[in-house]
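The model shown is predicted, which means the values in this text are computed figures rather than measured ones. Heavy-atom basis, side chains included; hydrogens, waters and symmetry copies ignored.
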Amino acid sequence: MNGMSSTTKRLVRIVAVSMVVALTLGITACTAVAAEEPSSSSELAVALGEAPNQDVVDLYTDRDTAVSKAVDALPEFIEKALEQTGVPGASVAVVSNGEVVFEEGYGVRDVTTKEPVDVDTVFPIASLSKPLSSSVVAKAITDDANLSWEDPVVKYLPAFALSDPYVTEHGKIADFFSHRTGIPTGGGDDLEDLGFDIDYIMAHMNQIPLASFRDTYQYSNFGLTVGGEAVAASRGQTWAQTANELLFEPLGMTSTTTVHDEYLAEDNRAAMHARTGEGQYEQLFDRDADAEAPAGGVASTAGDIAKWMNMVLANGEVDGTEFIDPPVLAKTYSAHSITGGDATNLTSRTSHYGFGTNVGATVTGRVTISHSGAFGWGAATNATMIPDLNLGIVVLTNGAPSGVPEAIVSEFVDLVQFGEETRPWLDLWPAVFAHFSDPAGDLAGEAPPTGAAAAGPAGDYVGTYTSPYFGNFIVTEENGTLTGALGPEGGYTFEIDPWDGDTLSFVPTGENALPGSLSSAVFVRDGEQITGVTLTFFNTFPAPGQEPNGLGVFTRTG
């Protein structure tokens with residue numbers, strides 16, 4: 001992990017919200033948490049299912065005792081996790097057999113005010129929004145016989161287009177929710193960082209080069225968002241209206257919203273905290289994810305998420321009455337995309353993605369439904385359900401990705417299954433997440449080269465440059481200092497500084513460019529005239545080994 005490039009680090013920040021849970025429940029664990037001495041592995045038995053492929057390794061004791069002891073051990077472990085990592089606060093809930101058996105807040109919701117987290121504290125949940133959104137769609141399909149996961153999105157969004165006409169015509173809601181359209185990881189996220197809204201982003205996704213359709217997994221916030229917007233359009237509603245009407249209101253999720261301003265209006269809300277050093281978190285940023293609301297824009301409480309988990313674990317029932325059609329729900333939580341595994345290693349286990357959720361298994365063979373969420377600006381979450389045990393846990397935190405939610409979930413799942421840790425999760429997960437707050441950009445951590453050539457006169461670079469994807473990039477000069485402006489009404493600005501000749505430098509900012517980021521602006525000179533510029537940070541998607549995508553190449557127009 002220490003040798004990761006800045007490009008790879010940006011990928012890790014983005015994809016972890018989906019992929020990390022494959023590790024959470026696929027690895028198992030070893031520090032001792034006080035509980036009754038568990039049975040040794042040689043005494044473990046197989047619990048027979050309805051069919052041989054449903055057999056699992058039996059729990060170390062009876063189910064209710066196992067859950068009760070695991071719940072009793074949670075407070076001490078949560079407090080230890082916050083103390084060890086410095087994460088300011090957490091809210092945790094556990095559901096078991098249809099009941100909320102644990103719901104508590106820990107730490108503070110804002111390090112400046114020191115106000116405590118309680119059970120009513122609202123957190124941004126980042127990509128944990130995705131499985132909630134898949135339930136919204138499943139409910140929409142339940143209520144509308146003419147709507148299906150198999151519907152092409154252009155049936156409801158006729159103006160929407162991708163760069164490949166075939167994918168545009170045939171891409172289904174199911175394809176967008178399972179990340180198999182070929183939209184690359186990070187596609188559209190760059191526009192969101194600049195401040196563009198969903199309408200602009202969707203109108204410009206036709207510029208994004210695609211990977212292979214339906215046979216590659218490309219985790220895409222805006223791919224899933226398009227699927228959600230198509231369902232909302234089928235109802236003549238906004239996504240916020242659809243989510244409220246179909247899921248939040250019926251389940252009594254009264255503290256849950258997809259609108260950032262409504263989150264900000266909450267008095268009891270957890271502020272976001274960026275990681276500024278080892279064990280150090282500061283309230284520096286506010287992350288407005290309205291543009292990707294179905295994929296990452298939900299704010300909620302652990303108790304509200306518990307209500308949703310109970311509905312899922314009840315196979316779509318609420319208070320004994322069918323709420324979501326069971327076959328529709330089952331399809332939502334079935335495996336549709338392969339997300340991990342080593343095809344060259346026969347012992348490697350394969351991980352999967354359903355519609356907006358990870359679908360995996362514990363080491364004892366029990367199916368898991370799970371998702372993490374992460375904002376580099378200050379949120380980290382995880383929810384995991386084990387249907388076989390009618391059990392679920394959700395962890396919401398207000399610190400940048402730290403591994404704390406994953407460690408708490410891993411600990412809890414271990415205690416239920418084995419009565420003890422099988423790995424030291426509070427050492428393992430923070431190490432996995434150690435690079436999530438690293439800066440990005442091709443010049444990050446670099447100094448200008450020795451003997452660098454002088455830049456040209458500032459006036460050479462002043463002008464308007466245009467990209468079909470990003471729109472206008474305007475360079476101005478005042479007192480010899482160059483400033484670049486991107487985004488709606490030029491609201492995303494940065495200084496442009498000398499580096500080496502016509503290669504200048506700038507500091508990108510945003511969810512995918514955390515403090516310390518630095519990148520190059522490579523201006524093209526034809527004779528005495530500057531004719532274009534490539535903003536390197538905006539010219540690649542954050543997957544390892546990605547070639548420049550050309551989207552960050554600007555042509556001078558004035």
### Task
Name the orientation class of the two ring planes belonging to H336 and F355 (parallel below 30°, tilted from 30 to 60°, perpendicular beyond 60°).
parallel
### Query
Going by the angle between their ring planes, with limits at 30° and 60°, are F554 and F470 parallel, tilted or perpendicular?
parallel
### Task
Please confirm whether R269 makes a cation-pi placement over Y263, using NZ or CZ under 6.0 Å from the six-membered ring centre and within 45° of the ring normal.
yes
### Message
Which label fits F538 and Y492: parallel for a plane angle under 30°, tilted from 30 to 60°, or perpendicular past 60°?
### Response
perpendicular
### Query
With sequence neighbours excluded, what pairs up with S134 under the side-chain hydrogen bond (donor to acceptor under 3.5 Å, both in side chains) test?
none
### Task
Taking side chain to side chain contact (heavy atoms under 4.5 Å, CB included) as the test, write out the residues that go with N206, two or more places apart.
A161
### Query
Do NZ/NE/NH1/NH2 and the carboxylate oxygens of E150 and K331 come within less than 4.0 Å?
yes
### Identified side chain to side chain contact (heavy atoms under 4.5 Å, CB included) counterpart of L191 within the set H204, Q207, M202
H204
### Query
How close do P250 and F323 get, heavy atom to heavy atom, and via which atoms?
CB-CE1, 3.5 Å
### Query
Which residues pass the side-chain hydrogen bond (donor to acceptor under 3.5 Å, both in side chains) test with S334, sequence neighbours left out?
none
### Message
If I compare all heavy atoms of S96 with all of L391, which pair ends up nearest, and what's the gap?
### Response
CB-CD1, 4.0 Å
#### Entry: Mutual orientation of the aromatic rings belonging to F176 and F160 [parallel < 30°, tilted 30-60°, perpendicular > 60°]
perpendicular
### Message
Centroid separation under 6.0 Å, is that true for the rings of W308 and F248?
### Response
no
### Task
For residues H352 and Y217, establish whether the separation of their ring centroids is below 6.0 Å.
no
### Summary
Of all heavy-atom pairs linking H273 and Q283, the shortest is CD2-N, 3.7 Å
### Task
Evaluate the ring planes of Y200 and F196, with Trp represented by its six-membered ring, and classify them as parallel (under 30°), tilted (30 to 60°) or perpendicular (over 60°).
parallel
